[in-house]
Amino acid sequence: MTKASEISLTKQAYGLTEDLMTPNAAVYWIDLVVSVALMWGGLYVAATTASLAIGLGAGAVSVLALYRALSFIHELTHLRADETPGFLFGWNALVGVPLMTPSLMYEGVHNIHHIKDRFGTALDPEYLPLSRFTPLKLAVFLFVALLAPLGVILRSAILIPLSFVVPPLRVYVRTKLSALMINPDFVREDLHRWRAGWVAQDVACWLWSWAVIAATVVGWIPLRFTLTGLAIFAVATFVNQARTLVAHHWDNDGRKMTLDEQFLDSVNVPPPNLASELWAPVGLRYHALHHLLPRLPYHNLGKAHARLNQAFAADSIYHRASEKGLFEALADLFRRVGRKTPVDQPAH
């Protein structure tokens, strides 16, 4: 096959994988339920065992399972309701509300990252020119993720209930504190389409947070259990932040990018790296392929990559989007950081 052009790369990739575009609802449900069971089971063992080794092992299982379960929020934004009936509600009930990270924080947000005229610009909620950060600023970006559990508690237990009696705060919560983003300048533009279901998610997070806090204060939930859960959540968000650092090359300075440039700024970490399935679960290790074919369900990304990897010629840009592993990609990013001109924010 000849080298793909900006337009034909997507067309050729779709032609080779069209039969893989249908999500399998059973796969989604089984994966989610098993992940949630391991998340809570690991937490229970870690919070109750007297053995340090068993506690650390169970905690690690819970971290990876929590991370995997939470990662389905990404899939939700690309699924139609009729493709996986009830999955949106089920995910929010099992994961989104208990972790106080409901689907509303990705719905209407993540899709903007896939708009070709917004990707990599100041209007992209999921992009910053990280390769132009200083090494210290990049390290802060990585480690601040450990504070995510405190952030969602503050939002759910304090800001959401207050926002229902302080209208200006409600606007701020909806526009600035209801999006999973890395671009601090991003403001949600969809206030006019705020759904009753999203309000219900906020209220559910508020009531859940108060219930857990009250149960901990009166002793119904042991303090060790709550603190262990927060620690597991913090480590999981840290792993996700490390994964975020290698999802792209982060080289754009805010200008509009061609489709080729957008694809090459994105990263796959495919086999033979098997560990990437743990730190980039639910298809996240095929991030460049996802940007090429956003509708491809996570459980078929591996098959699609194998086909495309074999079908495209050696000089195709498709082969230039892969990294060997997490640490190799992180090392490459930190090397590039030292050679770039630092900036404080995306160009406007």
Discussion item. Could you check whether Glu75 and Trp91, counting side-chain N and O atoms only, form a donor-acceptor pair closer than 3.5 Å?
Written reply: no

Worksheet entry | Sidechain-backbone polar pair: Asn92 side chain, Val97 backbone, donor-acceptor under 3.5 Å | no

Practice prompt. Please check if the side chain of Glu107 supplies one atom and the backbone of Thr77 the other of a donor-acceptor pair under 3.5 Å.
Written response: no

Worksheet entry | Salt bridge flag under 4.0 Å for residues Arg307 and Asp19 | yes

Discussion item. Are Leu154 and Leu207 linked, directly or through intermediate hydrophobic residues, by side-chain heavy-atom contacts shorter than 4.5 Å (ILVMFWY only)?
Written reply: no

Worksheet item: Under a 4.5 Å cut-off applied to non-hydrogen side-chain atoms, are Leu79 and Pro23 in contact?
Response: yes

Item to complete: Mark yes or no for whether Ser62, through its side chain, and Gly59, through its backbone, hold a donor-acceptor pair below 3.5 Å.
Response: no

Item to complete: Keeping the roles fixed (side chain from Asn183, backbone from Leu128), state whether a donor-acceptor pair exists under 3.5 Å.
Response: no

Practice prompt. Assess the side chains of His78 and Tyr298: does a donor N or O sit below 3.5 Å from an acceptor N or O?
Written response: no

Worksheet item: Do Leu159 and Tyr172 have side-chain heavy atoms sitting under 4.5 Å apart?
Response: no

Fill in: Leu32 side chain reached by Phe87 side chain, heavy atoms, under 4.5 Å
yes

Worksheet item: Are His110 and Glu126 close enough that some pair of their side-chain heavy atoms sits under 4.5 Å apart?
Response: yes

Worksheet entry | Heavy-atom side-chain contact between Leu293 and Tyr14 under 4.5 Å | yes

Worksheet item: Any donor-acceptor pair under 3.5 Å linking the side chain of Thr228 with the backbone of Ala46?
Response: no

Fill in: No-hydrogen, no-angle side-chain donor-acceptor test under 3.5 Å, Asn309 and His319
yes

Discussion item. Would you say Met100 ends up clustered with Met181 if hydrophobic residues are merged whenever their side chains have heavy atoms under 4.5 Å apart, either directly or through other cluster members?
Written reply: no

Item to complete: Kindly say whether Ala145 contributes a backbone atom to a donor-acceptor pair with the side chain of Thr237 at under 3.5 angstrom?
Response: yes

Worksheet entry | Close side-chain approach of Arg255 and Glu261, heavy atoms under 4.5 Å | yes

Item to complete: For a salt bridge (Lys or Arg N to Asp or Glu O under 4.0 Å) with Asp202, tell me which candidate from Arg174, Arg170, Arg195 qualifies.
Response: Arg170

Practice prompt. Would you please classify the geometry between the Phe141 ring and the Phe133 ring as parallel, tilted or perpendicular, with 30° and 60° separating the classes?
Written response: perpendicular

Worksheet item: Which heavy-atom pair separates Leu104 from Gln201 by the least distance, and what is that distance?
Response: N-OE1, 3.0 Å

Fill in: Counterpart residues, ring pair (Phe, Tyr, Trp, His ring centres under 6.0 Å), relative to His249 (two or more places apart)
none

Discussion item. Around atom NZ of Lys176, are there more than 12 heavy atoms from other residues, nucleotides or ligands closer than 6.0 Å?
Written reply: yes

Fill in: 4.5 Å side-chain heavy-atom contact, Tyr67 and Ser35
no

Item to complete: Using modelled atom types only, decide if a donor and an acceptor are shared between the side chain of Ser51 and the backbone of Ile54 within a distance under 3.5 Å.
Response: yes

Worksheet entry | Tyr44 atom OH: more than 12 heavy-atom contacts under 6.0 Å | no

Discussion item. Less than 3.5 Å apart, any donor N or O on the side chain of Ser178 or Arg155 sitting next to an acceptor on the other?
Written reply: yes

Item to complete: Check whether any side-chain N or O of Thr49 sits under 3.5 Å from a backbone N or O of Val45 as a donor-acceptor pair, and report yes or no.
Response: no

Worksheet item: Transitively linked via ILVMFWY side-chain contacts under 4.5 Å: Leu177 with Val165?
Response: yes

Item to complete: Taking atom types as modelled, find out whether Tyr106 and Asn111 have a side-chain donor-acceptor pair closer than 3.5 angstrom.
Response: no

Item to complete: Would you name the heavy atoms of Thr17 and Ala304 that are closest together and state the gap between them?
Response: CG2-CB, 3.7 Å

Worksheet item: So, for Asp124 and Phe119, which heavy atoms are closest and what is the spacing to 0.1 Å?
Response: OD2-CA, 3.4 Å

Discussion item. Regarding His291 and Gln262, do their side chains bring together a donor and an acceptor under 3.5 Å, going by distance alone?
Written reply: no

Fill in: Close side-chain approach of Glu189 and Thr175, heavy atoms under 4.5 Å
no

Item to complete: Kindly give the heavy-atom pair with the smallest separation between Gly325 and Val269, and that separation in Å.
Response: CA-CG1, 3.7 Å

Worksheet item: Cluster question for you: counting only ILVMFWY and a side-chain heavy-atom cut-off of under 4.5 Å, with indirect links fine, are Leu130 and Leu330 together?
Response: yes

Worksheet entry | Interatomic distance, Leu292 atom CG to Tyr286 atom OH [nearest 0.5 angstrom] | 14.5 Å

Worksheet item: Any donor-acceptor pair under 3.5 Å linking the side chain of Trp210 with the backbone of Ala157?
Response: yes

Worksheet entry | Near-ring test His113/Tyr127, centroid separation under 6.0 angstrom | no

Fill in: Rounded distance [0.5 Å steps], CD1 in Ile158 versus OG in Ser209
9.0 Å

Discussion item. Taking Leu289's backbone N and O only, do any of them form a donor-acceptor pair with Asn268's side chain (distance below 3.5 Å, no angle check)?
Written reply: yes

Discussion item. Once side chain to side chain contact (heavy atoms under 4.5 Å, CB included) is applied, do any residues pair with Ile30, and if so which ones, sequence neighbours excluded?
Written reply: Val34

Discussion item. Please determine whether residues Ile112 and Met257 belong to a single hydrophobic cluster, defined as Ile, Leu, Val, Met, Phe, Trp and Tyr linked transitively by side-chain heavy-atom distances below 4.5 Å.
Written reply: no

Worksheet item: Is Arg68 close enough and on-axis enough to Trp279, meaning under 6.0 Å and within 45°, for cation-pi?
Response: no

Worksheet item: Any side-chain donor-acceptor pair under 3.5 Å between His248 and Ser266?
Response: yes

Worksheet item: Is it true that atom CZ of Phe89 has more than 12 heavy atoms of other residues, nucleotides or ligands lying nearer than 6.0 Å?
Response: no

